[in-house]
Amino acid sequence: MALNNPLSRIGLNTGKILLPIALLLGAGVIVKESIFYAEPGYVYHVRTITGQEHAVSDVGYQFFLWGRWNAWKRAMTVQSEAGAAANMEYAEVEGDETSANMPPLNIMFLDQVDANVEATVRFSIPTDNEGFLQLAHEYRTPANLLRTALMPAFKETLQATASLMSAEEYYSGARTEFNSEFENQMNNGIYLVRREEVYQDSGRKVRGSANVALGNEQEEFGDESKVVYEVRKVLDEQGTPRRKAQKFTTFGISVVDARITNMTPNSRFVERMQLKQKASADRAIAREQRIQEEEQRLLAIARGEREVAERQAMAKVEQIQKTTDAETDKQLALTSANKLKEQAQIERETAQINLEKARIEAETQRTLADAEAYQKKAILQADNALAEKLRTEVEIHKLWADAFAKRAVPTNVFGGGGSGSPVGSDAETKAFMQMLTLDAAKRLNYDREISGK
């Protein structure tokens, strides 16, 4: 009868429906409280209901049996940057890029110059079961690890690195060395150092100019020595620098990367550096001007030397030309003299030859004359110079005949016949000529007869 009751049937049907729902709800609760999904890039600290714990680094669904778990990022980042407020994110929050953010840290360099530094350090935690559980037992949460270990080490190492050098050294070219030392000390520990005062002597003595009587020979009153502070690393017996170990390394945490991204010194140092840069620029300009003046001086000297060389070359050319002309004139004079000498020699030889020839000719003429004279003498001796006497007589008669022919007589001659006075008649003239001929014959006194043998 009960089974035929409609209410009984409804209750039975409801029970059949609720049972699977309850089973599903129970399974959902079991899954929710016992299973989670392990994301990549995290290490999970799992504690079960039975008191067991282990590290989970695999990706996928994991069973923790109504226990508890929390996530640790495999790599945690501590970063200081401009515009960031002091903030520390829990490592369990997924999607965060950094684990701890903070504003730029103020550090003090060796020369008491402070600066705001921006830096980033990335740490890697261990993933093996033993090392991770030791880390989890010590710090319990990633926030504790960041707050008590990683961030203090970050700040302390930054300041320790700044104490190794001065700000002027950093901005004068030691930035790479600063970054290297920071990463080295983050990995291997902070150097133990000792700050010492060192007396530096520039070696350049300062002289006064107050005593006018001394002129340039002033007395020394001091030097440019100064006291500087140096940081020396403390060495062990083997000469290796001693270090303060980083505590986080004992838990297997290592530094993946350490970088200095920005360094901003205080305004006073910036002004000083600007003045120094200006002074350095002025020195550089003055140095360049000095070099330019030196180059101009050298150029002037070179130009003067070139002009002197040109003048010397021109003078040398002129001298060579004059020497050549003089040598040419000399050679021409010598040639002319030799020519004249040779010509005189030739003329002398010619004269000698002519003289010899004249002498020979004279000798010949003399010989011929002697021969002719001898011949004439022989002839004269042979005919008593009859031929000559006859020629002389002929010449005399020619003269008388010519004189007679050219005598001036009148056409008509009148004279007395009885007085006997000469009137220039032909008979008178002929008689006169005969008398002159007789007189000449007497004078010649030669015999017209040819003598016989």
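Bear in mind that the values here come from a model prediction, so they are computed numbers and not experimental data. Below, all heavy atoms of this structure are taken into account, side chains as well, without hydrogens, waters or symmetry copies.
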Side chain of [X], backbone of [Y]: donor and acceptor closer than 3.5 Å?
X      : Y      : result
Asn129 : Ala55  : yes
Gln134 : Thr250 : no
Asn262 : Glu118 : no
Ser180 : Thr176 : no
Ser163 : Gln159 : yes

**Asked** Side chains of Ser166 and Gln112: do they bring a donor and an acceptor to under 3.5 Å?
**Response**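 The criterion, which ignores hydrogens and geometry beyond distance, is not satisfied for Gln112 and Ser166.
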Nearest non-hydrogen partners of [X] and [Y], listed with the distance:
X      : Y      : result
Asn144 : Arg147 : OD1-NH1, 3.0 Å
Met151 : Met102 : CE-CE, 3.2 Å
Val255 : Ala258 : CG1-CB, 4.3 Å
Arg194 : Val234 : NH2-CG2, 4.1 Å
Ser80  : Pro103 : CB-O, 3.4 Å
Ile190 : Ala160 : CG2-CB, 3.4 Å

**Request:** Just do the side chain to side chain contact (heavy atoms under 4.5 Å, CB included) check on Leu145 and Ile253 with the steps written out, would you?
**Result:** CA-CA 11 Å; Leu145 174 63; Ile253 300 175; 3.7 Å; yes
Side chains of [X] and [Y], heavy atoms from C-beta outward: is any pair under 4.5 Å?
X      : Y      : result
Leu192 : Lys244 : yes
Pro265 : Val270 : yes
Asp114 : Ile107 : no
Arg232 : Val193 : no
Asn184 : Arg243 : yes
Leu150 : Phe248 : yes
Tyr44  : Glu39  : yes

**Message:** Is it the case that over 12 heavy atoms from other parts of the model lie below 6.0 angstrom from the NZ atom of Lys341?
**Reply:**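 No, NZ of Lys341 has 12 or fewer neighbouring heavy atoms, counting only those of other groups under 6.0 Å.
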**Phe269/Tyr171 aromatic ring centres below 6.0 Å** =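 That pair passes the under 6.0 Å test.
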**Item:** From CA spacing to verdict: side chain to side chain contact (heavy atoms under 4.5 Å, CB included), Tyr42, Trp72
**Value:** CA-CA 6 Å; Tyr42 288 86; Trp72 296 61; over 6 Å; no
**Request:** Decide side chain to side chain contact (heavy atoms under 4.5 Å, CB included) for Asn116 and Leu105; before the verdict, give the C-alpha distance in whole Å, the side-chain angles of both, and the deciding distance to 0.1 Å.
**Result:** CA-CA 5 Å; Asn116 293 326; Leu105 298 178; over 6 Å; no
How many angstroms lie between atom [atom1] of [X] and atom [atom2] of [Y], to the nearest 0.5 angstrom?
X      : Y      : atom1 : atom2 : answer
Thr261 : Gln79  : OG1   : CD    : 7.0 Å
Arg74  : Ser57  : CZ    : OG    : 5.0 Å
Leu133 : His54  : CG    : NE2   : 9.0 Å
Lys233 : Thr240 : NZ    : OG1   : 11.5 Å
Asn266 : Glu271 : CG    : CD    : 9.0 Å
Leu158 : Met263 : CG    : CE    : 7.5 Å

**Pair Tyr139-Phe251, ring pair (Phe, Tyr, Trp, His ring centres under 6.0 Å): steps then yes or no** = CA-CA 10 Å; Tyr139 295 102; Phe251 298 98; 5.4 Å; yes
What donor-acceptor contacts under 3.5 angstrom involve side-chain atoms of residues 298-319, with partners at least two apart or in another chain?
| from | atom 1 | to | atom 2 | distance (Å) |
| --- | --- | --- | --- | --- |
| Arg306 | NH1 | Glu310 | OE2 | 2.8 |
| Glu318 | OE2 | Lys322 | NZ | 3.4 |

**Message:** Between His45 and Val56, does the side chain to side chain contact (heavy atoms under 4.5 Å, CB included) criterion hold? Intermediate values first, please.
**Reply:** CA-CA 7 Å; His45 183 203; Val56 175; over 6 Å; no
**Prompt:** Hey, is Arg297 close enough to Glu294 for a salt bridge, meaning N to O under 4.0 Å?
**Reply:**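 Looking at Glu294 together with Arg297, the answer is yes, because their closest N to O distance falls below 4.0 Å.
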**Asked** Between Glu183 and Arg259, is there a salt bridge with N-O shorter than 4.0 Å?
**Response**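 Salt bridge: no.
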**Request:** Quick one: do Arg122 and Thr77 satisfy side-chain hydrogen bond (donor to acceptor under 3.5 Å, both in side chains)? Show the steps, please.
**Result:** CA-CA 4 Å; Arg122 190 166 179 82; Thr77 303; 2.5 Å; yes
Name the atoms and distances for all side-chain donor-acceptor pairs under 3.5 Å in residues 328-337, with sequence neighbours left out.
| from | atom 1 | to | atom 2 | distance (Å) |
| --- | --- | --- | --- | --- |
| Thr328 | OG1 | Thr324 | O | 2.5 |
| Gln331 | NE2 | Glu327 | OE2 | 3.0 |
| Thr335 | OG1 | Gln331 | O | 2.5 |

**Request:** Output, in order, the C-alpha distance, side-chain angles, deciding distance and verdict of side-chain hydrogen bond (donor to acceptor under 3.5 Å, both in side chains) for Thr120 and Glu81.
**Result:** CA-CA 8 Å; Thr120 300; Glu81 60 181 358; over 6 Å; no
**Prompt:** Should the pair Phe109 and Phe178 be assigned to parallel (<30°), tilted (30 to 60°) or perpendicular (>60°) ring geometry?
**Reply:**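 Tilted, since the angle between the ring planes falls between 30° and 60°.
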